[in-house]
Amino acid sequence: MIALGTDHGGFHLKEAAKEFLKEKGIEFIDFGIYEGETADYPDIASVVCEAIQSGKCECGLLFCGTGIGMSIAANKHKGIRAACCSDYFSAKYTRIHNDANVLCLGGRVVGAGLALELIDAFLGSEFEGGRHARRIDKITEIENKN
Ligand code: RB5
């Protein structure tokens with residue numbers, strides 16, 4: 001189950017992502033915002049991250065104008081590793097190497113075509129473990145200390 005969330009800056013990408021996931025038969029929950037609404041991105045980041053923390057969703061897709069605000073807010077949540085990406089390699093390798101569980105995309109940065117490619121790369125890749133797991137453990141240690 002994928003958690004989706006956006007502010008007004010990324011709304012059109014969330015809608016495109018929903019169509020894409022439906023076509024692929026991938027289940028998702030749309031945590032808003034919805035047509036005509038505006039929101040402060042940290043509020044939406046929290047709802048999506050809490051859905052992941054509770055186990056209701058395995059990972060999330062967050063959208064805002066740049067993708068950056070959402071990633072900063074999401075990364076304040078324990079156990080969340082959010083990556084703001086605008087290129088294919090990063091979207092793929094943040095899963096493989098960083099075990100990222102949230103992909104953040106900027107609605108004013110990437111077009112819908114590229115956004116869907118990035119989502120496909122992210123969702124279609126798996127954490128490699130091994131030496132990367134040791135590094136993720138170190139990130140968790142930092143998180144626990146602060
Ligand atoms: C909202 O206008 C905008 O500031 C927000 O979507 C985002 O770009 C923040 O990172």
Side-chain angles (χ1 to χ4, degrees), residues 1-127 132 135-146:
M1 184 68 73
I2 314 290
L4 300 187
T6 189
D7 73 356
H8 44 284
F11 178 77
H12 59 292
L13 289 189
K14 173 174 72 71
E15 295 307 295
K18 280 163 62 178
E19 287 311 307
F20 177 77
L21 295 175
K22 272 185 213 163
E23 274 167 27
K24 292 236 164 208
I26 299 172
E27 288 189 309
F28 63 84
I29 302 174
D30 180 359
F31 288 98
I33 57 173
Y34 309 107
E35 186 81 52
E37 294 180 338
T38 59
D40 293 332
Y41 58 82
D43 297 334
I44 303 294
S46 285
V47 175
V48 163
C49 291
E50 282 161 19
I52 298 168
Q53 288 171 321
S54 72
K56 192 171 179 179
C57 295
E58 294 97 62
C59 64
L61 301 175
L62 283 170
F63 309 90
C64 64
T66 58
I68 296 171
M70 281 294 191
S71 64
I72 292 172
N75 279 316
K76 300 294 179 193
H77 295 76
K78 248 185 198 300
I80 298 298
R81 290 174 298 280
C84 177
C85 298
S86 53
D87 70 278
Y88 186 87
F89 187 86
S90 301
K92 185 177 170 77
Y93 276 86
T94 198
R95 286 281 311 127
I96 295 174
H97 285 181
N98 313 129
D99 198 17
N101 47 14
V102 177
L103 176 67
C104 301
L105 299 172
R108 296 170 188 154
V109 180
V110 296
L114 176 56
L116 300 182
E117 290 288 322
L118 301 180
I119 290 169
D120 202 32
F122 182 81
L123 296 180
S125 304
E126 274 181 29
F127 183 49
H132 303 295
R135 293 159 187 164
I136 300 306
D137 288 346
K138 290 186 179 188
I139 293 174
T140 305
E141 270 174 43
I142 296 169
E143 191 174 65
N144 291 337
K145 268 196 296 198
N146 288 275

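Please read these numbers as outputs of a predicted model, since none were measured by experiment. For ligands, and for the atoms within them, numbers begin at 1 and follow the listed sequence.
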Look at [atom] and say which protein heavy atom is nearest, naming residue and atom and giving the distance to 0.1 Å.
| atom | answer |
| --- | --- |
| atom 9 (C) of ligand 1 | Tyr41 CE2, 3.4 Å |
| atom 3 (C) of ligand 1 | Arg108 NH1, 3.7 Å |
| atom 5 (C) of ligand 1 | Asp7 OD2, 3.2 Å |
| atom 1 (C) of ligand 1 | His8 NE2, 3.4 Å |

Under 3.5 Å between any N/O of [X] and any N/O of ligand 1: does that happen in this structure?
| X | answer |
| --- | --- |
| Gly69 | yes |
| Thr66 | yes |
| Gly65 | yes |

Minimum heavy-atom distance Ile29-Cys57, with the two atoms named: CD1-SG, 3.9 Å
Heavy-atom closest pair, residues Ala115 and Leu13: CB-CD2, 3.9 Å
Side-chain (Glu58) to main-chain (Met1) donor-acceptor, under 3.5 angstrom: yes
N/O donor-acceptor pair under 3.5 Å between Asp40 side chain and Pro42 backbone: no
Atom indices of ligand 1, in the order listed, that fall short of 4.0 Å to a heavy atom of Cys64: 6 (O), 7 (C), 9 (C), 10 (O)
Short N-O contact, Lys22 and Glu19, less than 4.0 angstrom: yes
Asp137-Thr140 side chain donor-acceptor pair, cut-off 3.5 Å: no
